[in-house]
Structures are given as structure tokens and as C-alpha cells.
Amino acid sequence: MSEKYYVTTPIYYINDKPHIGSTYTTVAADILARSHRLRGEKTFFLTGTDENSQKSVEAAAKADKELNVYLDEMAVIWENTWKKLGISFDDFIRTSQERHHKAVARFWQAVEKSGDIYKDTYERHYCVGCEDFKTDSELNEDDRCPLHPNKDLELVQEENWFFKASNYKDDILQLFHNSQNFVQPPKRLNEIRSYVKDGFADFSISREAKKVSCGIPVPGDDTQRIYVWFDALINYLSAIGYGTDDELFKKWWPADLHLVGKDIIKFHCALWPAMLMSAAKNDPLLQNEDGSPKLPKQIFAHGFFTIEGQKMSKSLGNVIDPLELAVEYPFDVVRYFFFREIGFGNDGDFNRLRIAERYQSDLANTLGNLLNRAINMSRKYFDGKVPNIPDPSSQILVPGTSWGGKEAVDTLWQQVEEYYASARIDLALEAIWNGENASLTLANRLVEETKPFKLIKEDPEKTALVLYTLLEFLRNVAWMIEPVMPEIAKQIITGLGQDPKSELSQHNFTQLKTWGGLKPGSDLPEPKILFPRLGE
RNA sequence: CGCGGGGUAGAGCAGUUGGCAGCUCGCCAGGCCCAUAACCUGGAGGCCGUGGGUUCAAGUCCCACCCCCGCAACCA
């Protein structure tokens, strides 16, 4: 009955510590994972590190460290950064781990058995920057890599193993056709479709061992090492038991969502499904009941952002360390900014002025102030308690107001859930703040429309109804924003005199979001300022 | 013919299947006084980059063009 949700981030190169960009990706995955967990779905959230790269070798050499030592140190830094930021990952895969090597070996053999691996000698241009081969048509007018024009292309001439990606070109195009949501957002689907159409050539998937100082050995061929991308993608399988724990694997595969940056869609949307299609032919674990390949359900490519209008760059010195940022602002505020300000899937700008603006306006003024005024009035007029209304679950409309009542809140919940489900985090937040029949803005308006501070003298019962509505709506909002702002959500719940932990453990999701959950007559603690105003 | 993103109110951005142009901030004028000088209402402010085309109807679809941004390294 309960559905499962398996979400991944890309695995990161660890030639430096995490920065704000990788943090953005990871937070996005965290939000989606949390939204599914909240719904009571069995959720598995994977992140990790890509360690079989030439870049790691270079970085280790630069740091004057043994490769293994360097990798171990950096992997810890990455994992700990995510922990400190409260990222709720369930596993942390390192491609240097034994389990990964086992999975890769099994996968390679399955692909080989399918007849999609062959040896060939060739001479081609290899761009170290891209870690990728370039065909002549991909070079710029100076015959250099358009992405890395200052880097000399290596003219590589060697015998390598190749993956017959071209065998799957039609299948991939068919996949795009059949499942329009496979790649999100749509503009990325267009991009990748034209890439596959124009030429989805066979990939070289190994390099000569003597030329690289890292990489997983090709099964049965010690002279070759597996090309980093071919092994990296398999991490999504190895972390959930492929090659080591069949039962676990069956539980989680296929992935429900691979979250990636827009720069690596080629690998995830074309190469990866092709690899899986091939391996599935000779590995029942990768097959559906009908023998078709089990492919990830969706790949979502997010955009990049600039820092204060400029490209993130070390030489400009504007690379932001997420841990330092988390000192400047509560990290929940940063999370909110990321997904309120920047349409998920679009490029955006990381701008401190805008963070401050969002903080002041959306968080302090609209949300924080509402919570504060609602609690204060309730405490003042109702003896420090949540107003004791007779039948909270059947709360009716307050006549003469634009507040949509409990049904509008149900509708809002529905919208928010749909947005989370389709990874439109930005729209979920927009709806909570500015929605049409129930929203934080409308809740503030309800106060103006009913004036509880006057109404209390004439009609205490109606006042109780209004205040209960506000408090109960805030409880609902807390759970709506919990995936994005888990700490803030807890503080709101606590501020309403409830215990977030027991709310979660004693109620299922359906009960949580059912109107009337806030117990009438329960104690309201003295309000704390959730978002102090900035400046003086 | 390198690749990609984008040009919508003063700033920053939304605009799914074409159907009266929206949101946040800022500005102006009111209201309110419970609240974090917060909240609410009203208003000013747009040739939706340009020129064509399709259509009863185009920010949205088609064609052409102009302009801006990113593309050594770091890097989602």
C-alpha cells in the first residue's frame, strides 16, 4: 500500500569542499525526500561522491597526499557538511567502495553479455576539462573544445572498449516520446532529444590502465580502466544493493527521481537509460515483469545560479561555503530563498539583498507577524489558550470575509502536494503565501476583515472562531512548509503549544492535514519572535 | 550557422494546453492599531526586444532579425 520513493543527487567530485552550488542540488533532493517522507512513503535519499576521476588524482597530488588518504578526508568533509546542514540523506555512496566495484562488475558483465561492448582502436580528441571525447563536429572553429578553449585537446590514440549506445538510439527516442515527463523541465527534454537525434554515437567506456592512475578495472581486462562516467552512473544501483543485496535492490529500484544539474543531462537522460536497456537484457534484476528494462522514472535538471550577478568562480572569490552561509542566516531561510526566489529548473541569481528582502517580507512580516498576532490575541482574550470552540473539525466560513474556510485549506493542501510531487517547490511556496482562497496573505486579511480585537467585545464566540481559524491554519502551514523549512516548521508547531514529534508519531499524514487538529482549549505558550527583523 | 540561457511596470521574476497582462519589493494615497513601525485597501506605472505571418483572438504558435548573459580554471 505505502508507496516508495527513491531520489538521488549526482555524486560529486571531491577535489574541493562543497560549495553553494552542490548545496542547492542537495537541498532540492532533501526537500523532495522530506515531502515524501511526510506523506508516509518509504523514502530513500541517496547522495555521495565520485572518486574514480582523474580530477581526484590531480587534487590529491596538489594537496601532496596519497590518493586514498585524500579521498577519505574529502569524503568525510562532504558527508559532514550535509549532516551539519541537516540534510536527511539515507545513504552516502562512495564510488571507491567495495559495494560499488561489485555492482559495476556485475553491470559491465551484463552489458557485455548483451553484445554491446566491443574493442576498437581509434584516434580522437579528448578534452580533460569535460572528461569526454569530442567529435569533429563538436569542436569550435579553432578545433578546440568550445567549453574549454584554453585547454589543449589530447589526441588520444588507443585501443579501448566501446559501448554500443547507437543500438539504443531509437529506443531512447521512443522513451522520450512515450513518457513526456521522463526529462523535466520540458526545455531539457527538447535539448536532449535533439542531441540524441543528431547523433548518439557509441561511447568509449574505458581507457588504458597505464595512462590513468585511477578507475575501476575492466572485468577480465587488467590493461583497461572503466571510464569515469560509465562507472559513476552505476552508483545509483550499487547504493541500493545491486550486486550485493538483491532483496534490497528490488525494494528500491527503479529510482523515482534523479536530480541533476543542467550540465549533465546528456549522461543521465541518454547514456544512462541506454546502459540500463543493455544490461537489463541479461540481468533479471533490471527487468520488469514483462522483461522490459526498469528505467528511472524521471530525471529533473535544475538550473545554475550566479552569485550577485556574476558567475561563481574561485578567482573572483565569490564561491560561497554553505557552512559559512548557515552562520549568516538560519539555513532554513537560505532553503526558502533558493526555492521561492528561483523557479525550480531555471537559472537564477544568489543575491544577498534579495535574501534580506524575502526574509523581511515573506518570513518576518507575513508569516512571523501573523503567528505572533494570532497567538497574542488568543492568549489575551482566551486565557492563554487556544480558543475553545465546540466543533473544530467542522469549522465553517466566517461570513463576509474572503477566507475560503476549511475547504480552501484542503484545496491548498492538494495543490501543495501536487507541486511537491512534480518537483515544483517554488509553486508550492507561492501558493502557501499568495494562494487564492486560503493563504498567509488571506489569513492576514481575515484579521483586518473581522477585527478580532474589536469583535471580542461584541461577539466572543465569533472571535473564538476567527482566532482558532488563524491558529489552525498556521499549524497546517507549518506542515506544508516542513519539507522546505523543517526547523522553522517545528518551531511553529511548538509555538502553537503542540509537540511536533508526537504530532508526527501519533498521527498519520491524513490526520495531520485534517482541519481541526489543533486542540481547542490547549495551552498557548508565550510567543517567541520567529524571524526577528533585520537591522535595527 | 559552436553550445546553452534570456529580453514582460522603477528593480527582481511568474505566466501550463493561444481567451481581459500577474507576483514580490519599491513609490503615492487611505485604513487599522491585535501584532515584529508589522497588517489591510486603493492607485500610479507595461507598444510583453523588433518586424512580419497564422487566428475571431498571440506574451503564448510560425518565420526573420536585434540585443544581453555564461562557456580558461573551480563548477550543480
Side-chain angles (χ1 to χ4, degrees), chain A residues 9-10 12-13 15-16 18-28 55 59 128-130 137-142 144-152 185-188 191 195 259-265 301-306 309-319 340-343 346-349 351 353-354 356-358 360-381 402 422 424 426-427 430 433-434 440-456 463 466-467 470 527-534:
Chain A
T9 72
Y12 304 107
Y13 287 136
N15 44 6
D16 205 345
H19 57 69
I20 199 74
S22 34
T23 304
Y24 178 64
T25 314
T26 308
V27 167
K55 287 181 182 173
V128 184
C130 299
S137 65
E138 285 172 323
L139 302 181
N140 66 14
E141 53 276 18
D142 301 327
R144 307 183 76 89
C145 170
L147 296 171
H148 305 91
N150 286 7
K151 262 217 148 123
D152 285 337
K187 64 183 170 190
R188 298 301 166 202
E191 190 181 332
Y195 160 73
L259 199 57
V260 301
K262 65 177 182 178
D263 55 333
I264 50 175
I265 55 174
H302 68 251
F304 284 179
F305 50 78
T306 46
Q310 287 185 305
K311 181 169 167 52
M312 179 167 64
S313 111
K314 263 190 181 167
S315 58
L316 283 173
N318 65 357
V319 175
R340 180 67 198 276
E341 181 78 3
I342 302 169
N346 296 344
D347 289 343
D349 185 40
N351 183 312
L353 224 63
R354 297 290 299 168
E357 221 170 85
R358 285 290 183 188
Q360 197 81 293
S361 164
D362 298 356
L363 299 179
N365 295 353
T366 303
L367 172 58
N369 183 53
L370 175 67
L371 182 69
N372 205 34
R373 68 202 299 214
I375 292 178
N376 271 311
M377 283 190 279
S378 299
R379 279 170 55 86
K380 201 181 289 183
Y381 310 143
S402 43
S422 55
R424 291 307 305 269
D426 52 320
L427 296 181
E430 166 74 18
W433 260 259
N434 291 319
L440 290 169
T441 299
L442 285 178
N444 271 315
R445 184 186 297 174
L446 181 62
V447 176
E448 302 306 318
E449 288 172 332
T450 57
K451 302 195 195 317
F453 39 89
K454 277 189 178 167
L455 193 62
I456 184 64
T463 309
V466 169
L467 291 178
L470 295 175
K528 293 195 186 105
I529 299 295
L530 206 53
F531 303 101
R533 286 182 60 79
L534 296 172

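The chains referred to below are lettered A, B, ... by the order of the sequence lines, with proteins before strands, and numbering in each begins at 1. What you see is a predicted model; the values in this text were computed from it and never measured.
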CG (A:Leu442) and CG (A:Asn434) are apart, to the nearest 0.5 Å, by 8.5 Å
For the side chain of A:Glu448, counting heavy atoms from C-beta on, which of B:C25, B:C23, B:C40 is nearest? B:C40
Could you tell me how far apart A:Arg445 (CZ) and B:C32 (P) are, to the nearest whole angstrom? 18 Å
For B:A64, which nucleotide is its Watson-Crick or G-U wobble mate, given both distances must be under 3.5 Å? B:U50
Pair assignment for B:C20, Watson-Crick or G-U wobble, requiring both distances under 3.5 Å: none
Given B:C34, B:G5, B:U24, identify the nucleotide with an atom nearest to the side chain of A:Asp347. B:G5
Taking B:C74, B:G4, B:C25 as options, the one with an atom nearest any side-chain atom of A:Lys262 is B:G4
To the side chain of A:Asn365, which of B:U36, B:A76, B:A38 is closest? B:A38
As its Watson-Crick or G-U partner within any shown strand, both distances under 3.5 Å, B:A57 has none
Between the main-chain N or O of A:Val260 and the side-chain N or O of A:His302, is there a donor-acceptor pair closer than 3.5 Å? yes
Of all the nucleotides listed (B:U24, B:A76, B:G15), which has the minimum atom distance to the side chain of A:Arg424? B:G15
Given B:A35, B:C74, B:G12, which nucleotide is nearest the side-chain atoms of A:Arg354? B:G12
Nearest-Å distance, CE (A:Met312) to C1' (B:G70)? 12 Å
Compare the minimum distances between each of B:C23, B:A38, B:C74 and the side chain of A:Arg533, then state the nucleotide with the smallest one. B:A38
I'd like to know if the side chain of A:Asn376 reaches the main chain of A:Asn372, judged simply by a donor and an acceptor atom lying under 3.5 Å from each other, with no hydrogens or angles considered. yes
Just call it for A:Glu341: base, sugar-phosphate, or nothing, with non-hydrogen atoms closer than 4.0 Å on any strand. sugar-phosphate
Short side-chain N/O contact from A:Lys451 to OP1 or OP2 of B:C39, under 4.0 Å: no
Using a heavy-atom cut-off of under 4.0 Å over every strand shown, decide if A:Asn346 touches base, sugar-phosphate, or nothing. sugar-phosphate
Go through B:C34, B:C40, B:G5 for me and flag the one nearest to the A:Arg373 side chain. B:C34
When both hydrogen-bonding distances must be under 3.5 Å and the geometry is Watson-Crick or G-U wobble, what is B:C27 paired with, if anything? B:G43
If the cut-off is 4.0 Å, is A:Asn376 near the phosphate of B:C34, judged by side-chain N/O to OP1 or OP2? no
Using purine N1 to pyrimidine N3 plus N6-O4 or O6-N4 for Watson-Crick, or N1-O2 and O6-N3 for G-U wobble, each under 3.5 Å, what pairs with B:G2? B:C71
By the 4.0 Å heavy-atom rule, please label A:Asn369 as base, sugar-phosphate, or nothing. base
Starting from P on B:C13, measure out to CG on A:Asn434 and report it in whole angstrom. 18 Å
Would you tell me if any nitrogen or oxygen in the side chain of A:Lys528 comes within less than 4.0 Å of OP1 or OP2 on B:U36? no
When you measure from the side chain of A:His302, which nucleotide among B:A76, B:C34, B:U41 comes out closest? B:A76
Roughly how many Å apart are B:U54 and B:C63, using the P atom of each and rounding to a whole number? 15 Å
Taking the nucleotide of RNA chain B with the closest heavy atom to each, which residue, A:Val447 or A:Gly21, is nearer the 5' end? A:Val447
Can you tell me how far P in B:G49 sits from the matching atom in B:G7, rounded to whole Å? 8 Å
Taking atom C1' in both B:A14 and B:A21, compute the distance separating them and give it to the nearest angstrom. 11 Å
Taking every heavy atom of A:Thr450 against every heavy atom of A:Leu455, the minimum-distance pair comes out as O-CB, 3.7 Å
Are any of the side-chain nitrogens in A:Glu448 or A:Arg445 under 4.0 Å away from the carboxylate oxygens of its partner? no
Write down the distance separating the C1' atoms in B:C71 and B:C20, rounded off to the nearest Å. 42 Å
Would you mind reading off the distance between A:Lys454 atom NZ and B:C40 atom C1', rounded to a whole angstrom? 13 Å
Rounded interatomic separation in angstrom, taking CD from A:Glu449 and C1' from B:C40: 9 Å
Atom CZ of A:Phe453 to atom P of B:G31: distance rounded to whole Å? 15 Å
Between B:C48 and B:A58, how far apart are the two C1' atoms, rounded to whole Å? 11 Å
Measuring from the side chain of A:Asp362 (C-beta onward, heavy atoms only), which nucleotide among B:G5, B:C39, B:U24 has the closest atom? B:U24
Should we count NZ of A:Lys187 as having more than 12 external heavy atoms under 6.0 Å? yes
Give the C-alpha distance, both sets of side-chain angles, the deciding distance and a yes or no for side chain to side chain contact (heavy atoms under 4.5 Å, CB included) between A:Phe304 and A:Tyr24. CA-CA 9 Å; A:Phe304 284 179; A:Tyr24 178 64; over 6 Å; no
Does the pair A:Asp349/A:Arg354 count as a salt bridge with the N-to-O cut at 4.0 Å? no
Round to the nearest Å and state the distance from A:Trp433 atom CH2 to B:U24 atom P. 13 Å
Between B:G2 and B:A64, how far apart are the P atoms? Round to whole Å, please. 16 Å
Between A:Thr366 (side chain) and A:Leu363 (backbone), is there a donor-acceptor pair under 3.5 Å? no
Say you pick atom C1' in B:A44 and the same atom in B:G51; how far apart are they, in whole Å? 31 Å
Could you tell me whether A:Lys454 and A:Glu449 make a salt bridge, using a distance below 4.0 angstrom between a side-chain N and a carboxylate O? no
For side chain to side chain contact (heavy atoms under 4.5 Å, CB included), just list the numbers for A:Phe305 and A:Asp347, CA-CA rounded to whole Å, side-chain angles, deciding distance to a tenth of an Å, and then say yes or no. CA-CA 5 Å; A:Phe305 50 78; A:Asp347 289 343; over 6 Å; no
Whichever of A:Asp349 and A:Ser22 has its nearest RNA chain B nucleotide further upstream toward 5': A:Asp349
Counting just side-chain N and O atoms, does A:Ser361 come under 4.0 Å of either OP1 or OP2 of B:C25? yes
What's touching nucleotides 58-64 of chain B from the protein side, N or O pairs under 3.5 Å?
none

Using a heavy-atom cut-off of under 4.0 Å over every strand shown, decide if A:Thr9 touches base, sugar-phosphate, or nothing. nothing
Between B:C23 and B:C34, how far apart are the two C1' atoms, rounded to whole Å? 27 Å
Separation of B:C13 P from A:Arg340 CZ (nearest whole Å): 15 Å
If you measure from the ring centre of A:Tyr12 to the centre of the six-membered ring in the base of B:A76, is it under 5.5 Å, with the planes under 30° apart? no
